[in-house]
Structure formats: structure tokens, C-alpha cells
Amino acid sequence: MAHRPVLLIVDDNRDLAENLADIFEPRGFEVRHTPSAREGLDSARATGFDLAFVDVNLPDTSGTELLPALRGHSPWGEVVVITGHATLDSAVAAVRGGAFHYVVKPFKVDDLVATAESALRQVALRKERTRLAAALEMSERLYRDVVESAQVLVVGLDPGDTVRLFNRRSSEVTGFAPDEVIGRPLLATLFPPDVRDRVAAHLASGRGNDEFEAPVLTREGRTRVVLWHVAPAGSGTGHDDESLARYVVGADVTERRTLERRAAEHEALAHMGTLAAGLAHEIRNPLNAALLQLHLLGRGIDKLAPDDRGPLPDRVRIVAGELRRLERLLSDFLELARPRPMAREPVELHAMLDELVTFHEPAALERGITLVRRLSEGVAVGDRERLKQVFHNLIVNAMEATARGGAVTVSSHREPADHTVAVSVSDNGRGIPRGTIEKVFEPFFTTKEAGTGLGLAIVRQIAERHGGRVQLESAEGKGTTVTVLIPAASTRAASKAPAGV
Ligand SMILES: Nc1ncnc2c1ncn2[C@@H]1O[C@H](COP(=O)(O)OP(=O)(O)OP(=O)(O)O)[C@@H](O)[C@H]1O
Ligand SMILES: [Mg+2]
């Protein structure tokens, strides 16, 4: 101990106090003497003490009663009670109440010194423990701050892979609050079913520097792509973390991967574009010729007597349907692969949507679906035919996903805040499964027997060529809403849209 230990003597017997000072000062103590309980307390409050000798009989109160207040002012100090034979009982009571020991007058100097020394050892231990606790708390706080402020997801696991720690970044990325995740199994809570085995294998491999990419589930049932790293938990991170066996640490690479994937898609389409454009011409000419011939064939059949027609009209209809589908695939594909320049003119979206809904009403009626309009005025800048194709694709998707008795709602309104017109097509149909939402915009992704999988890819491409964007919300079994935001007319946002890309 760097400083001299402070010995506080609270005793109204001046001779005794001087005696004690003579004994302890040469032994390195700084001795303070106060003759009353009140002054003893003042001294303790002002400077604390390491050891106090307190007379049981004080002029203003008893040493026993003084004890708690005295210790309150110097939490690590020890108190030794001095007593005469007559008051031994109260000295014993004082020890029960927290005094270190008692000495009976007259006392032997050696005994007193031995008692004082053992009390001081006690004090030293207590001080050390306090210091260590403070240091530990400090390092824990530091560790927490580092974990909390990190721009990576840090998920702490116990030996059974139950989540024990979930840092702030993990909450930001997944939308889960820590208490929604802590105490739950990692795999079932944070990973989609189809990747759980793979993640479990990485956790079990126990190799250092094991890095792998896996989607993490968000609170809304979506996924984000995360690059993960499994790290064993070091020892001694703090008493309440002893159950931590390892960490999974991850970086959210969703945006990066999306950009990479879309760049690859664009490149692939661009490569195909040249080839496809040539091929499309080659296909389109005979296709049109075939359609024309079929038309003539149909007319010829119509001239036959009804009894002689047999299954021919049906066959003509089927072949015509297939040829038209082929033609649509061709033009969809060309639209994606080699987009032609876009017009930019004011387009009254509410009027266009009203017409489109009217166009789809007979089909909706046949399927037992209600089409709902919620249209308010909004004028966008762009290419009328292309925008029509966007909303057509969305309405068809919505109707195809909706069962008899369901509803498809088409709504539009201006978003003055970001100078756009927002158009939503919303259905209460089957919805899109969690793991699929990310894929639906990819060209050729389809879950339909006769689908091309180009519908949403075109929607996104056209929206983006207008300087707009597409948002999709879906819950399996509940429905889907796709919202397209297109720059509004007579705003700067509209004139900034990329021209004719
Ligand atoms: N409203 C919706 N509800 C549920 N699933 C949808 C909805 N819209 C799209 N999907 C899913 O996204 C997939 C891709 O849609 P997209 O429009 O790109 O192609 P498609 O409809 O399959 O074929 P195409 O539009 O070329 O005929 C669909 O196959 C379907 O699984
Ligand atoms: Mg479609």
C-alpha cells in the first residue's frame, strides 16, 4: 500500500489514546484521535480510515451504535471495539454487528498489534477485490461498446447453439430486437429452413477462419445475404458471458451481391441481345406467315358445313394460342435484351390504369375475382406503351395468384415528397414464399407451367429506365403488393431520369 494506513481512535480516554498512538505510529500508521462519536464520524467522513479502535463507552453514544455509520463512511475499513470487563457483552454484540474483533482492557500490546495486523490484511484484500471488480467492469464495458458499435453482426452462442448475445448491428440488419432472439436456437430463429443444415455443418466444423455466405431471416420474413465467420469465444470475457462458446460474426453483403448479380444479368442479356435480335427476326417472319396461314385455314374451316368441321376449329384455336405465346415471348425477350429508346411524354397514369382495369374486367369476372380501383390523379413522364406493359404484367400476376372470391386492387397516388407517382397492384392471393422473394425479378424465374418468367424482370427494367423503382411486399398465404414509383411530370426528378438508355 502506497499511503500509510489510517488508524482512527474514538475514545474519550486521552491517556489511552496517547498510549495507542505511541504503539502504532512507529509501526507506520497515521493516527487520528477523536474523543467522541460525533467527531469520530466527522473524521471518517472526511478522510476514511483503514482501522478504527472504538471505545464501547463514549460520552455521546455507545460504540456499538456508532459502528454501522462509521463503516458506511469507509466501506473497506475495519473496526476493533475496546471494552472493559463490565461491557464485554456489548463488545460481543458489536462483533456480531460487523466489528472485526474486540479487545478487553487492560490489553497486551502484542495481542493488540496482532489483531490490528490481521485487520489490515483483511482491508488490503477488500481493497484489491474492489479494484479488480472495477477493472473487470471497465473491461466488460469496453468489450460491450466494441461489440455494440461494430458494423458487423455479432451473435454469441452457448455450447448448445442458443443465442446469448445479439449486437446492435444484428438488430439493424434483421429487425429483431435482442430479446426476441436471445434464448432461442440460432438455426431455427435466424436461418431459412433450406440453409440450416449447411450452416450447422459450418458451426460444427470448428475450423478457424471458416467463412461462408448464407441468408439470414428478417423480422418481416425476408432475407438478407450475410458473409459469416465462426470464431471461438475467448476465455475470461466476463462472469455473465462464461456460457459463450463461440461467435458467428457477419457482414451484410446483400447490396453488393445484388449489384453483382444484376451486372452479371445485364452482361448475359447484352451478350444474348445481338444474337437474339437476329434470331428474333428470323423467327418472327415465319411466325407471322404461320399465323396468317392459320387464319386462312380457320376461314376455310368456317366455310365447311358444321357437321364436317369436327375438332378442326378447336385445333386451330390451340395452335393460334401457342403461336401468340411464342410471339409474346419473343418480344418480351427482345424488350429485355435489346431495349429500344423510350419515349418521354406526360402520361396520365390514373386514366391509363382505369382503362387497363376495364380491359381486365371480363377475365376477372370469369375467374371470380373482384377488381378494385383506388385511383387518384398522377401524371408521370415516360413511355406510354411501356408503362402500360408494366401495369399489365402486374395485374396479370396478381390475378394469376388470386383464388376465386379474392380481390385485386389497383391504386395510384402522387408522392409529393419524392416527386413520384406511386402505383400499387395488390392482391390477397397465395403470396410468395420467404426464400423466393429475392428471385422473382430475375429473368426466366417462374413457378408457372406456362410462364416465361420475364414479366417482373421487364417491370423492373422499365421502371428503372424511367428513373423509378419497384417495391414488393409479400406474405405467404396472405397476398402480395407490388408498388412502382415513376417520376412525376413537371418536376426536376422527372427531367433527371436517364434518357433513352
Ligand atoms: N402477385 C403475385 N403473387 C404471388 N406470386 C407472384 C406474384 N407475382 C409474381 N409472382 C411470382 O413471381 C414469379 C415471376 O413472375 P413473372 O411475372 O416475372 O413471371 P411469370 O408470371 O411466371 O411469367 P410471365 O409473366 O412471363 O408469364 C411468378 O412465377 C410467381 O411465382
Ligand atoms: Mg407474370
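Note that the numbering runs from 1 along the sequence shown for the chain. Just follow the structure's listing: the first ligand is 1, and inside any ligand the first atom is 1.
- Counting only heavy atoms of the protein, atom 16 (P) of ligand 1 lies nearest to Leu456 N, 3.6 Å.
- In this structure, atom 30 (C) of ligand 1 lies nearest to the protein heavy atom Thr447 OG1, 3.4 Å.
- By the criterion of a heavy-atom distance under 4.0 Å, the side chain of Thr480, and not its backbone, is placed next to ligand 1.
- For the pair Asp332 and ligand 1, the shortest N or O to N or O distance does not fall below 3.5 Å.
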Check: Going through the distances and angles, do Glu137 and Arg141 end up as a salt bridge (charged side-chain N to carboxylate O under 4.0 Å, His left out)?
Finding: CA-CA 6 Å; Glu137 192 187 321; Arg141 191 171 332 127; 3.4 Å; yes
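- Under a 4.0 Å criterion applied to the non-hydrogen atoms of Ala401, ligand 1 contributes the atoms 2 (C), 3 (N), 4 (C).
- Closest of all the heavy-atom pairs between Asp161 and Arg246 is OD1-NH2, 2.9 Å.
- Looking only at protein heavy atoms, the nearest one to atom 17 (O) of ligand 1 is Asn397 ND2, 2.8 Å.
- Assignment of Gly429 to the shell around ligand 1 is not supported, since no heavy atom sits closer than 4.0 Å.
- Between Arg373 and Thr358, the side chains place a donor N or O and an acceptor N or O closer than 3.5 Å (distance only, hydrogens not considered).
- Ligand-side atoms of ligand 1 in range of Gly451: 23 (O), 27 (O), range being under 4.0 angstrom from any heavy atom.
- Met399 does not count as a contact of ligand 1, since none of its heavy atoms falls under 4.0 Å from the ligand.
- Inspection of the environment of the Mg ion (ligand 2) yields the following protein N, O or S atoms under 2.8 Å: Asn397 OD1.
- The shortest distance between side-chain heavy atoms of Leu387 and His466 falls below 4.5 Å.
- Listed by atom number, the atoms of ligand 1 under 4.0 Å from Val440 heavy atoms are 11 (C), 12 (O), 14 (C), 18 (O).
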Next item on the list: Could you give me the CA-CA distance, side-chain angles and deciding distance for Glu335 and Arg340, then say whether salt bridge (charged side-chain N to carboxylate O under 4.0 Å, His left out) is met?
Entry: CA-CA 7 Å; Glu335 171 68 38; Arg340 289 159 293 121; 3.5 Å; yes
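- Close approach of ligand 1 to Ile432 is summarised as follows: ligand atoms under 4.0 Å from at least one heavy atom of the residue are 4 (C), 5 (N), 6 (C).
- Ligand 1 has at least one atom lying under 4.0 Å from a heavy atom of Leu454.
- Per-residue contacts place Arg328 under 4.0 angstrom from the following atoms of ligand 1 (heavy atoms of the residue considered): 27 (O).
- The nearest protein atom to atom 1 (N) of ligand 1, hydrogens excluded, is given as Asp427 OD2, 2.9 Å; this is a heavy-atom distance.
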